[in-house]
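Shown next, in structure tokens, is the structure this report addresses.
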Amino acid sequence: MSVLSQNRFKQVQEATAASGADALVLTHLPNIFYLSGFSGSNAILLALGDVIHLFTDGRYTIQAHEEAPQARVHIVRTPLAETCGEFLRSRFPRRRLRVAFEAASLNVAEWARLKKAAGHGIEWKATTELIERIREVKSAEELEVMRLSAKLASEVIAEASDFVRPGIAELEVAAEIDYRLRRKGASGPSFETIVASGPRSALPHARPTEKQLQKNELVVLDLGAILRHYCSDLTRTVFLGRAPARIRGWYKAVEQAQEAAHGALRAGVTAGSVDRAARRLLNQHGLGAYFVHGTGHGLGIEIHERPRVGRSQKQEIRAGNVVTLEPGIYVEGVGGIRIEDEVAVHAGRTEVLTTAPRGLLEL
Ligand code: ZN
Ligand code: ZN
């Protein structure tokens, strides 16, 4: 096992013990990837003693051995939960064992199967976010990949003037973005690319449609790459034409709100205080009512991770966190403005990972 994965495994063993369990069953695939390196779509991981047991099916025989050389790979034909349960029963026929599992990612059918196959010798302990709490602090190696992922997405948005223009459909713009992400080395977009134009830009999570972009409209572009399993996330707002004073004023306010959040972001503060800094600024401009979501979120192997940067979040920001700061305003019938960047928190300083220019793009 490499020093890196050894260290990760040690942290997981400590967290398992702290939860009062002797062993841990993982069913959330991003957590399985984090601990073992295996990125297939069907797996259960059992951390037992000093061994990582990885249960998967025949489609992944070669991949599992390649990606998770330190794990003991079990290629199975029966449902994974059943095999994992039977394995536990066969190893501990008499002794009572306390096994932690991930309450948020085991469905009722799997859970019933696992329990039944493992028998009465197991005392199950439901856990939530056991691995996620470890994942929220990124290692130097993870940060390096996240820098590249953020740079890749930034490069695509910097090319927006090549393919964002009146007459082109939102879906075409989204297709162009996804194509360019892949051409630059992404394995795919980190979420469904958002291209929302005109009044539709007032929908924070709009899906691209056949609607064509028109002159004198706002267009929100929200995109991200997956690069070597790590997500990036970036939003820029475009105005097609010369923006009127009202739109410029709003844009300035959102920009200032993001700066205020960035100014408040450091190790030791609560996530809620970062959110409130952005909200306060928009309230001062009389735009607070149009800011309808949280200020940001952690990201990494998944697009949404701890810490959540929302209004009432008491969670402490820690060195090693990477969060988005994405204040926005959404005015029904008019449109929306959002600016989103990724910021890494280090001891005593922050680092903006996204590199695209931040001003209002007038095309
Ligand atoms: Zn985004
Ligand atoms: Zn985001």
Name all residues meeting the side-chain contact (heavy atoms from CB on, under 4.5 Å) criterion together with [X]; count only those two or more places apart in sequence or in a different chain, and write none if there are none.
X: Arg228; result: Val145, Leu148
X: Leu213; result: Val164, Ile168, Glu170, Val173, Ser197, Val219, Leu240
X: Pro244; result: Phe239, Ile247
X: Arg77; result: none

Parallel, tilted or perpendicular: ring planes of Phe87 versus Phe55, cut at 30 and 60 degrees: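 Ring orientation of Phe87 relative to Phe55: perpendicular.
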Ser149: which of Cys231, Ser190, Ser232 passes side-chain contact (heavy atoms from CB on, under 4.5 Å):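 It is Ser232, the one option of Cys231, Ser190, Ser232 that forms the side-chain contact (heavy atoms from CB on, under 4.5 Å) with Ser149.
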[Y] and [X], any side-chain heavy atoms less than 4.5 Å apart:
X: His346; Y: Leu143; answer: yes
X: Thr295; Y: Leu325; answer: yes
X: Ile122; Y: Phe92; answer: no
X: Arg306; Y: Leu299; answer: no

Polar side chain donor-acceptor pair, His205 to Glu192, under 3.5 angstrom: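 No, no side-chain donor-acceptor contact under 3.5 Å.
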Is it true that the side chains of Asp178 and Thr193 contain a donor and an acceptor less than 3.5 Å apart?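 Their side chains do contain a donor-acceptor pair, which is all the 3.5 Å distance test asks for.
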May I have all residue pairs that pass side chain to side chain donor-acceptor pair (under 3.5 Å) and include part of residues 116-126, sequence neighbours excluded?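 Pairs touching residues 116-126 that pass the test: none.
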Do any pairs count as a side chain to side chain donor-acceptor pair (under 3.5 Å) and have a residue in residues 20-37, sequence neighbours left out, and if so which ones?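 For residues 20-37, and leaving out neighbouring residues, the side chain to side chain donor-acceptor pair (under 3.5 Å) pairs sorted by first residue read Asp22-Arg98, Thr27-Ser105, His28-Glu302, Asn31-Glu102, Asn31-Glu132, Asn31-Arg135.
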Taking atom CZ as the centre, does Arg311 end up with more than 12 heavy-atom neighbours from other residues, nucleotides or ligands that are less than 6.0 angstrom away?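 Open.
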As a quick check of understanding, evaluate salt bridge (charged side-chain N to carboxylate O under 4.0 Å, His left out) for Glu255 and Lys252, giving each step before the final call. CA-CA 5 Å; Glu255 225 177 355; Lys252 198 93 219 139; 3.4 Å; yes
Could you please spell out the steps behind the salt bridge (charged side-chain N to carboxylate O under 4.0 Å, His left out) verdict for Arg147 and Glu144? CA-CA 5 Å; Arg147 264 182 212 112; Glu144 194 45 45; 2.7 Å; yes
